[in-house]
Amino acid sequence: MALIDILHLFHSFYRYDESGSVSGTKAALKDVTLSIEAGSFVAVLGHNGSGKSTLAKHINALFLPSKGDVKVNGRNTRDAGEVLLIRRDAGMVFQNPDNQMIANVVEEEIAFGPENIGVPTEEIWERVGDALERVGMTAYRMHSPDRLSGGQKQRVAIAGVVAMKPQCIILDEPTAMLDPMGRREVLRTLHELNEKEKITILLITHHMDETIDADRVIVMDDGEVVLDDVPSVVFSHVEELRSRGLDVPVATQLAYELRQKGLELPDGILSEEEFVEAYLKLCK
Amino acid sequence: MFKDITLGQYYPGESVIHKLDPRTKLSGTMLFLISLFINDKFIGLGLAFLFLMTMIKISGVPLRFITRGLKGIFLIVLITVLFSVFYVDSGTLLVEFWVFKIYSGGLANAAFIALRIMLLVIGSSLMTLTTTPTRLTDGLEKGLRFLNVIHFPVHALAMIMSIALRFIPILTQEMNKIMKAQMARGADFEKRGFLRRIRGYVPLLVPLIISAFRRAADLSQAMDARCYHGGKGRTKMKPLRYARRDFIGYLVLFSFLAATIAIRIMPCGC
Ligand SMILES: Nc1ncnc2c1ncn2[C@@H]1O[C@H](COP(=O)(O)OP(=O)(O)O)[C@@H](O)[C@H]1O
Ligand SMILES: [Mg+2]
């Protein structure tokens, strides 16, 4: 059994007219089947409106399937009695850091989740201290979240989830509102959590370069999963990605264009280093 | 104008006032406000002023930081003062023009009311400046717990309040941003005339309200995602427990109240 099992998931949004009857539907997810293994780092790519956020909210039981099933740790999100356990095991971080903070002090913000699930007071203190350390924000413990940089705010939000001891963290475009430095901070934190704590990471993004270190990249388009493989294989589909409104990492792009011009560069180049290495080999 | 509102902001610190139990501060603020209305003499307000200044001094919050918040209510004070000048016709007649007459008693009355409003605002902002919204919520929730008996949603109300307080600075920042964006496109917020000025704010309020709703939707989802499900079964990182300083606090408060009442009863003309 995988950590997260999604089986033939459909989700439709309905528009209602004044009399309350359905006047329009929008199929946001169409027959998505996925399973996410415990301990993996999975990136989800897709342009705006491809259904990424909708998918994320299903894993957290914020949405319920129109058809199909979502299971976290074997617990079905349709099972109302299990919802709190599902949310504890699969925590979620959202795009806008300001809109997910409840408290005015960093440590109280992090305590919010553990308080909700009834963790005893002494243990909350331990968890908060621990979570702060995990994301490298111990020095800001007593600060107000409003005074932090975007990257720091997101790290606090991540700590808030870490303090609930989740098995999986789902992040819905956590870097979309951050500057390059903030993005790097958040990415580093996520990889550390994945490697040291074995927390499964599901990172939704539309920055290609954030996905090259993932174990697996899932590409979504119009509510469907269209590619699902390791990054080097996914990014070798340059034409397909372009037709779906996505870019590829710069190094991949360059290698692709040079290959079109007849240079014999290999497939699956993702980073600058790999490109330089392959190019030097070619020159010899 | 909006950036000057310090009401509802938190000023981090380590003072005794910061550490007091929020219930003590809530009752303290209530008692202080009551004392302002018990007072009918300048000497009483003087005592309240002294009391408040001492508290501010102990809290370590810079006075300038607090008085900045007064600018926002300056207009209200001014209007009140103008009305109250003409309201009283005791004492000696000082100025007379057309139907207006200003007596010395009127001036004294106006000064009295202005002072009272200032103390009222500063007094209540001291509480929010030294208490995090979370603590304030906790204080309200625990202090008013007895209302649960009549099924009054104490927890929900306290949560709503703390979130409102948390979002005041964020929405204020946003307001300034929208204002600047509109000004960059030629909007004029300094228009002459009350009505035209009010109308000038409409294009500001619409985006602000829409954005507030969007934030509210986001926040409620984020709270759901973090297992929030009301007050049931919820534990606290910082449970409220009265300490020795709280008893001293209550002692000081009641002495202050007793002194205020004594001054009120005191038969003297000052
Ligand atoms: N609350 C909603 N009501 C109606 N339609 C929605 C709602 N949320 C999303 N959608 C639609 O569902 C589709 C998928 O949206 P979303 O999951 O937010 O995509 P993404 O996160 O990839 O940008 C989009 O076409 C969007 O317009
Ligand atoms: Mg989205």
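Reminder, nothing fancy here: chain letters follow the sequence lines and each chain counts from 1. Just so it is clear, the values below take in all heavy atoms, side chains as well, and ignore hydrogens, waters and symmetry mates.
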Novice: From A:N104 CG over to B:L136 CG, what is the distance, rounded to the nearest 0.5 angstrom?
Specialist: 10.5 Å

Novice: Heavy-atom distance under 4.5 Å to chain B: side chain of A:E107, backbone, both or neither?
Specialist: both

Novice: Roughly how far, to the nearest 0.5 Å, is the CG atom of A:D146 from the CZ atom of B:F167?
Specialist: 9.0 Å

Novice: Side chain, backbone, both or neither: which part of A:V128 has a heavy atom under 4.5 Å from chain B?
Specialist: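 Contact with chain B is through the side chain of A:V128 alone.
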
Novice: Sort A:T121 into side chain, backbone, both or neither according to what part of it lies under 4.5 angstrom from a heavy atom of chain B.
Specialist: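 Answer is both: backbone and side chain atoms of A:T121 are under 4.5 Å from chain B.
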
Novice: Which members of residues 211-223 of chain B, sorted by number, sit under 4.5 angstrom from chain A on a heavy-atom basis?
Specialist: B:R215, B:D218, B:L219, B:Q221, B:A222, B:M223

Novice: Is it true that, when you exclude B:Y250 itself, more than 12 heavy atoms of the residues, nucleotides or ligands shown sit nearer than 6.0 Å to its OH?
Specialist: yes

Novice: Is there a side-chain contact between A:N116 and B:R234 in this structure, where contact means two heavy atoms from C-beta onward sitting under 4.5 Å apart?
Specialist: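 Side-chain contact under 4.5 Å: yes.
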
Novice: Please determine whether a side-chain nitrogen of the Lys or Arg among A:E108 and B:R135 lies less than 4.0 Å from a carboxylate oxygen of the Asp or Glu.
Specialist: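 Looking at B:R135 together with A:E108, the answer is no, because their closest N to O distance does not fall below 4.0 Å.
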
Novice: Give a yes or no on this: more than 12 heavy atoms of other residues, nucleotides or ligands lie within 6.0 Å of atom CZ of B:F51.
Specialist: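 Result for CZ/B:F51: enclosed.
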
Novice: Looking at CD of B:E174 and CG of A:D98, how far apart are the two atoms once the value is rounded to the nearest 0.5 Å?
Specialist: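 B:E174 atom CD to A:D98 atom CG measures 9.0 Å (nearest 0.5 Å).
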
Novice: If you define the side chain from C-beta out and look only at heavy atoms, does anything of B:M237 sit under 4.5 Å from A:V119?
Specialist: no

Novice: Hey, which of A:M101, A:R88, A:Q100, A:K57 has the most heavy atom pairs under 4.5 Å with chain B?
Specialist: A:M101

Novice: Would you compute the distance between atom CG of A:L84 and atom OH of B:Y228 and round it to the nearest 0.5 angstrom?
Specialist: 12.5 Å

Novice: Could you tell me which portion of A:F112 (side chain, backbone, both or neither) has an atom closer than 4.5 angstrom to a non-hydrogen atom of chain B?
Specialist: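 Its backbone and side chain both get close to chain B.
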
Novice: Which pairs with one or both residues in residues 167-176 of chain A pass salt bridge (Lys or Arg N to Asp or Glu O under 4.0 Å), sequence neighbours excluded?
Specialist: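 Listed once each, the pairs are A:K52-A:E173.
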
Novice: Which bit of A:P166 comes within less than 4.5 Å of chain B, counting heavy atoms only: side chain, backbone, both or neither?
Specialist: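 It is neither, since no heavy atom gets under 4.5 Å.
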
Novice: Is there a salt bridge (charged side-chain N to carboxylate O under 4.0 Å, His left out) between B:R226 and A:E109? Walk through the geometry before answering.
Specialist: CA-CA 11 Å; B:R226 286 165 77 186; A:E109 173 61 33; 2.6 Å; yes

Novice: Which answer fits A:L62, side chain, backbone, both or neither, if we ask what part of it has an atom under 4.5 Å from a heavy atom of chain B?
Specialist: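 The side chain, not the backbone.
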
Novice: Let me know if A:N60 has heavy atoms under 4.5 Å from chain B in its side chain, its backbone, both or neither.
Specialist: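 The side chain, not the backbone.
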
Novice: Is atom CE of B:M53 surrounded by more than 12 heavy atoms (other residues, nucleotides or ligands) closer than 6.0 Å?
Specialist: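 It does: B:M53 CE has more than 12 such atoms within range.
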
Novice: So which of A:M92, A:M164, A:E122, A:M142 has the largest heavy-atom pair count under 4.5 angstrom toward chain B?
Specialist: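 It is A:M164.
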
